[in-house]
Amino acid sequence: MTTHTPPTEHAEEIKDALRHIEEAERPDALTDQERERRASLEELRAKGVEPYAYGFERTRFSNEAIAMFDESNPDLHPSASVAGRIMGVRRMGKATFAHVQDEAGKIQIYFKSNDLGERYDLLRLLDIGDIIGANGFVFRTRTGEITLHVERFEILAKAIRPLPVVKEETDPVTGEKIVHDAFSDKELRYRQRYVDLVVNPEIRETFRTRAKIISSIRRFFDDRGYLEVETPVLQPIYGGAYARPFVTHHNALDFDLFLRIADELYLKRLVAGGLATGVYEIAKDFRNEGMDKNHSPEFTMAEIYIAYKDYEWMMAFTEELFVEVARVVGIHRGSAPIQFTPPFRRLSMYDSIKEYTGTDVSKMNEDELRITAKHMGVPLEAGSGVGKIIDEIFSAKVEHHLIEPTFITDYPLSMSPLAKSHRSQPGLVERFELYVNGQELANAFSELNDPLDQRARFEEQARLRSKGDEEAMVLDEDFLRAMEYGMPPMAGLGFGVDRLTMIMTGEESIRDVVLFPAMRPEKIR
RNA sequence: GAUCCCGUAGCUCAGUGGUAGAGCAUCUGACUUUUAAUCAGAGGGUCGAUGGUUCGAGCCCAUCCGGGAUCACCA
């Protein structure tokens with residue numbers, strides 16, 4: 001983006017940045033290890049060795065190279081080229097062992113002075129963290145580890161900042177892996193995810209699973225003929241959920257825009273336009289709320305809207321979707337893996353409250369509900385109406401019981417301004433949420449397509465907003481206009497991809513399924 | 001936003017008022033099948049920041065910065 005910023009506006013920042021650059025480059029600002037590594041770097045160049053290569057001809061991943069060793073023909077010595085990061089070095093004078101880590105794992109490599117001649121002397125300029133390429137032949141050492149005997153090697157990238165050294169040991173009795181000095185500081189792991197991925201390689205599996213989850217969702221939708229679309233992230237009016245938005249500013253047009261909190265209203269416009277029977281989007285939404293292990297200010301949402309279907313149909317679709325995702329990724333981690341075994345339990349909201357509290361709240365008016373909540377020890381906000389009180393009771397008394405996938409159906413109308421009134425139960429809407437592991441995972445309804453009803457619902461929201469409810473929805477006149485032209489009945493579903501990934505990987509914090517979690521800015525030394 | 005806990009060497013951590021420590025990493029030396037390699041020696045710190053109490057503060061107090069957990073809000 002090109003901006004024509006007056007030079008004075010950022011003068012202080014620029015001065016700070018320049019000062020920072022100067023200080024960072026002063027030799028006395030470096031640690032001894034950084035100075036050593038920079039000295040090694042210069043020595044390599046002085047010897048005519050360029051420590052930052054343009055590429056390397058790799059023929060095998062570490063696991064493939066190891067697999068080449070033939071137990072029945074140990075003298076075969078198949079050759080291979082591997083590339084990766086040096087994770088440990090054992091120098092023994094004229095022989096050196098090291099482990100090289102790549103995407104697939106680790107392989108031990110063996111350097112021998114006799115074989116490498118003068119180049120063997122370069123090894124003293126190598127450090128843990130350096131990225132090298134090596135080719136040679138595969139053999140088995142005296143102690144039994146399949147190893148690459150190096151015939152040629154190249155330095156592909158010299159590390160001038162020391163990597164945390166994590167050592168692993170195999171317990172001789174149990175055979176279990178013992179990790180020493182694990183890189184465990186959460187702040188450092190999140191801020192420097194590149195380091196975390198290197199020294200805690202098991203977390204790579206989490207992010208590979210995340211990618212699989214997203215691609216399996218996309219495939220599931222695509223296979224059924226639904227169309228992937230992209231709708232605006234920057235919106236003049238935000239809507240589709242209860243949340244406070246982020247605000248940004250468009251310089252050229254000189255007005256404020258909101259970062260979307262949901263995709264819903266734009267996707268429904270597209271169904272109205274007949275773009276496709278079903279449209280979906282898998283993308284980031286942004287909510288300006290508190291953050292904790294279940295909430296991140298930017299998070300990935302999947303939403304799909306399918307014409308001529310209702311929430312009953314969508315429930316079956318949702319069940320099929322999650323069963324399929326679980327099948328594709330496999331559920332391999334976590335202490336209490338959730339089995340996505342169909343059919344999922346279905347329970348109306350009233351029945352769920354009756355089941356877990358013994359109280360039937362379905363016929364109660366606001367005062368009775370208030371008294372009931374008080375008896376149950378459920379704290380209420382002053383302005384809570386019928387729907388809000390029921391929701392509070394549900395959250396406090398029912399939610400955490402719902403471990404195996406459970407559909408909760410038929411919500412109070414006041415909580416759901418975009419959902420269609422229940423066809424047979426007054427005061428309710430046709431809505432379901434899927435609960436897994438005591439958490440809401442998905443939310444869906446028969447979408448409201450009556451423009452007059454929708455307008456009335458927005459107006460009710462406006463009243464809440466004027467009473468100080470900052471999260472109440474904003475009336476979207478263009479969305480209403482689309483509905484007035486005629487919007488087919490449809491079913492809509494939305495779910496958080498991050499939470500789905502948490503469930504599928506057994507991670508307990510959303511920060512552990514997001515590569516770069518939001519953090520306050522740091523001062524980098 | 002509130003409460004509690006944490007911040008000491010590159011990493012993981014000891015250190016409850018009296019000369020800042022350990023293991024790994026780093027440096028020097030030895031070692032041609034080691035694997036938490038080993039052995040001998042050495043260097044490395046604004047104890048998150050600022051202010052205060054004290055003869056004396058890593059330690060006690062206050063404020064601030066950063067992180068974690070719980071709660072609130074939300075998905």
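Numbered from 1 within each chain, the chains take letters A, B, ... in sequence-line order. This one's a predicted model, so the numbers in the text were calculated from it and none came from an experiment.
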Side-chain donor-acceptor distances from residues 169-181 of chain A under 3.5 Å, at least two apart:
| residue | atom | partner | partner atom | Å |
| --- | --- | --- | --- | --- |
| A:E169 | OE1 | A:H180 | NE2 | 2.8 |
| A:D171 | OD1 | A:V173 | N | 2.7 |
| A:D171 | OD1 | A:T174 | N | 3.2 |
| A:T174 | OG1 | A:E176 | N | 3.1 |

Let me check something: any side-chain donor-acceptor pairs from residues 390-403 of chain A under 3.5 Å, sequence neighbours excluded? List them with distances.
| residue | atom | partner | partner atom | Å |
| --- | --- | --- | --- | --- |
| A:S395 | OG | A:D391 | O | 3.0 |
| A:K397 | NZ | A:M376 | O | 3.3 |
| A:H401 | NE2 | A:K397 | O | 3.3 |

Throw together a table of side-chain donor-acceptor distances under 3.5 angstrom for residues 108-118 of chain A, partners on residues two or more places apart or in other chains.
| residue | atom | partner | partner atom | Å |
| --- | --- | --- | --- | --- |
| A:Q108 | OE1 | A:R90 | NH2 | 2.6 |
| A:Q108 | NE2 | A:T147 | OG1 | 2.9 |
| A:D115 | OD2 | A:H149 | NE2 | 2.4 |

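The side chain of A:R191 contributes an N or O atom lying less than 4.0 Å from OP1 or OP2 of B:G67.
Counting any heavy atom pair closer than 4.0 Å across all strands shown, A:G290 reaches a base atom. Among the heavy atoms of the strands, none lies under 4.0 Å from A:Q439. Among the protein residues, A:R189 comes within range of no part of the nucleic acid, since none of its heavy atoms lies under 4.0 Å from any strand. Within 4.0 Å (heavy atoms only), A:E169 reaches at least one base atom of the nucleic acid.
With sequence neighbours excluded, the residues satisfying side chain to side chain contact (heavy atoms under 4.5 Å, CB included) with A:T231 are A:V229, A:R260, A:D263, A:Y266, A:L267, A:L270, A:E281. Residues that satisfy the salt bridge (charged side-chain N to carboxylate O under 4.0 Å, His left out) test with A:D127, not counting sequence neighbours, are A:K158. Taking the side chain to side chain donor-acceptor pair (under 3.5 Å) definition, one finds that A:E303 meets it with A:Y305, sequence neighbours left out. In this structure, the side chain to side chain donor-acceptor pair (under 3.5 Å) partners of A:E187, at least two apart in sequence or on a different chain, are A:R191.
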Under-3.5 Å N/O pairs linking protein and nucleotides 2-11 of chain B:
| residue | atom | partner | partner atom | Å |
| --- | --- | --- | --- | --- |
| B:G10 | N9 | A:Q33 | NE2 | 3.4 |

Below 3.5 Å between N/O atoms, which protein atoms pair up with nucleotides 27-33 of chain B? Just atom names and distances, please.
| residue | atom | partner | partner atom | Å |
| --- | --- | --- | --- | --- |
| B:C31 | N3 | A:G93 | N | 3.2 |
| B:C31 | N4 | A:G93 | N | 3.2 |
| B:U32 | OP2 | A:K94 | N | 3.4 |
| B:U32 | N3 | A:N114 | OD1 | 2.8 |
| B:U32 | N3 | A:N114 | ND2 | 3.4 |
| B:U32 | O4 | A:N114 | OD1 | 2.0 |
| B:U32 | O4 | A:N114 | ND2 | 3.4 |
| B:U33 | O2' | A:R142 | NE | 2.8 |
| B:U33 | O2' | A:R142 | NH1 | 3.2 |
| B:U33 | O2' | A:R142 | NH2 | 3.3 |
| B:U33 | O2 | A:R142 | N | 2.6 |

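For a distance-only test at 3.5 Å, the side chain of A:E168 fails to qualify as a donor-acceptor partner of the base of B:U35.
Contacts between residues 74-90 of chain A and RNA chain B, counted as heavy-atom distances below 4.0 Å, involve A:R90.
Ring-centre distance between A:F344 and A:Y435: not below the 6.0 Å cut-off.
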Structure string for RNA chain B in dot-bracket form, Watson-Crick and G-U at under 3.5 Å, | interchain: (((((((..((((....[..)))).(((((.......))))).....(((((..]....))))))))))))....
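Among residues at least two apart or in separate chains, salt bridge (charged side-chain N to carboxylate O under 4.0 Å, His left out) pairs with a member in residues 432-443 of chain A are A:R431-A:E433.
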